[in-house]
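Structure first, commentary second.
Treat the numbers as computed from the prediction; the structure is a model and nothing was measured. In what follows, chains are A, B, ... by sequence order, proteins preceding strands, each numbered from 1.
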2 protein chains.
Amino acid sequence: MAESKKEQAPNNGAGTRRRGDVLENAILQAAWDELETTGYNRLTMEAVAVRAQTNKTAVYRRWPNKAQLIIAALIKFAPKPSLEAADMGDLRTDVLTFLQGIFKPLQAIGAETIHGLMSEYPGKEHPMSKPLPPRSEDALFAAMKAIVGNAEKRGELQPDRLPERVISLPVDLLRYEMLTTHGSVSEDIVVQIVDELFLPLVKAVAQAE
Amino acid sequence: MAESKKEQAPNNGAGTRRRGDVLENAILQAAWDELETTGYNRLTMEAVAVRAQTNKTAVYRRWPNKAQLIIAALIKFAPKPSLEAADMGDLRTDVLTFLQGIFKPLQAIGAETIHGLMSEYPGKEHPMSKPLPPRSEDALFAAMKAIVGNAEKRGELQPDRLPERVISLPVDLLRYEMLTTHGSVSEDIVVQIVDELFLPLVKAVAQAE
DNA sequence: AGAGTACGGTACGTACCGTACCTTATATGA
DNA sequence: TCATATAAGGTACGGTACGTACCGTACTCT
């Protein structure tokens, strides 16, 4: 009798109403799925709610807008590059493997999403969780510094000769290419960046004899 | 009597209804003004129409969406960099003056607008008038090639030694910085790019003895 | 058991989009 | 000079998405 109100429990027969982390994860998962199938621009809060089998209210209770929601979804579900600096014996190999390792993760997020986020994001008055952090806090930059540090320890480079701009050059250019190339970026861009730009530069500035 | 319908001619007393290029320019001017005061995201077609003292219909008759309208406004009103390669006697001066010349125009457009355009722009199936053209058609790249060519003629560089990536490096990095730096980019980034990256690279690869 | 919390669900007001429709001014040329 | 086509002015609409309010109801916790 009292059960008649349930009208065929809408989910599985077990505990019906999700809460807290369970619901939060379901929403983030839905946002990530929606992002992959629909793309950032056409993604709507309502579609995310529907896919998560909940409603907009539950979404807005947690994230105030689309940008914040998607950032949270990226943090949780986007493929993360390995940030441990490979240490294989020479600088070229280390940088190449590192860049190749971040290539696919960057590509998985996609230019449309980045542009959308950076376009919509408040920026001012919002010093938290930006899509692209300043260089000093950038994990990819830190990884490159570690790689260069290893090469210095091995004696490949004279210490402290490389300006920050040189160290960040490969990651910056890779990101630039991802942002501005509609369609897919060929993976050999990584090799070009290393062999035509980074290594000649290193050689000119700081290579030990 | 028949004049009573005019209700105090809303514009100047002279020819009332604008057409063709006059109206088109008024709309583009309004779009440009609106872009500068409101910003790309919050700019609406209706606001442009109101500022141009016309209505949405007249706008949509000419441009199918916001992105196209803004691109047209940029082409007409955005400050254009000088594309003639300076030829002052040495490569460093030429590249510096060139980069400094494109600095302000790039900054005038602004990251928000570029991100918005690149986010909304169809891209696929639309091979026309992209915000960022491919390198081969990029006017800034062509200018850099001319500058390098001048240096080769002077004997500063050995001819045909510089890969395209080296030539486009300064412009690419400058654009990257403009796109990813919220707030204002300091102008000495230009000097850094030239002195820490481009010139050492040129020296390493192609400088004549 | 009771009380607070947070989800489910709906409905609403707002904003903007893009289009349809009609009226009216202007350019053109027969 | 008048007729006609064109394009402007202007309004109104359907549609979509946003973000919020409200309320009933399940769940949690003590």
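In this structure, B:Asn25 atom CG and D:dA8 atom P are separated by 13 Å, rounded to whole Å. For the pair A:Glu120 CD and D:dC18 C1', the interatomic distance rounds to 12 Å; values are reported in whole Å. Rounded to an integer number of Å, the gap from A:Gln68 CD to D:dC18 P is 15 Å. As a whole-Å value, the separation of A:Asp21 CG from C:dT5 C1' is 15 Å. Taking atom CG of residue A:Leu23 and atom C1' of nucleotide C:dT5, one finds them 14 Å apart after rounding to whole Å.
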Q: Would you please test A:Lys153 and A:Asp87 for salt bridge (charged side-chain N to carboxylate O under 4.0 Å, His left out) and show each step?
A: CA-CA 11 Å; A:Lys153 279 185 206 148; A:Asp87 192 355; over 6 Å; no
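Between B:Arg62 and D:dA8 there is a side-chain N or O to OP1 or OP2 distance below 4.0 Å. Contact annotation: A:Arg18 side-chain N/O to D:dT28 OP1/OP2 distance is not under 4.0 Å. An OP1 or OP2 oxygen of C:dG8 is reached within less than 4.0 angstrom by a side-chain nitrogen or oxygen of A:Asn55. One finds a side-chain N or O of B:Thr54 lying less than 4.0 angstrom from the OP1 or OP2 phosphate oxygen of D:dG9.
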**Q.** B/S/- contact track for nucleotides 14-22 of chain C, protein heavy atom under 4.0 Å
**A.** --SBBBB--
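Proximity of A:His115 to B:Leu117: side-chain heavy atoms (C-beta onward) are nowhere separated by under 4.5 Å. The shortest side-chain heavy-atom distance between A:Trp32 and A:Arg51 does not fall under the 4.5 Å cut-off.
Between the side chain of B:Lys80 and the main chain of B:Ala78, a donor-acceptor pair closer than 3.5 Å is present.
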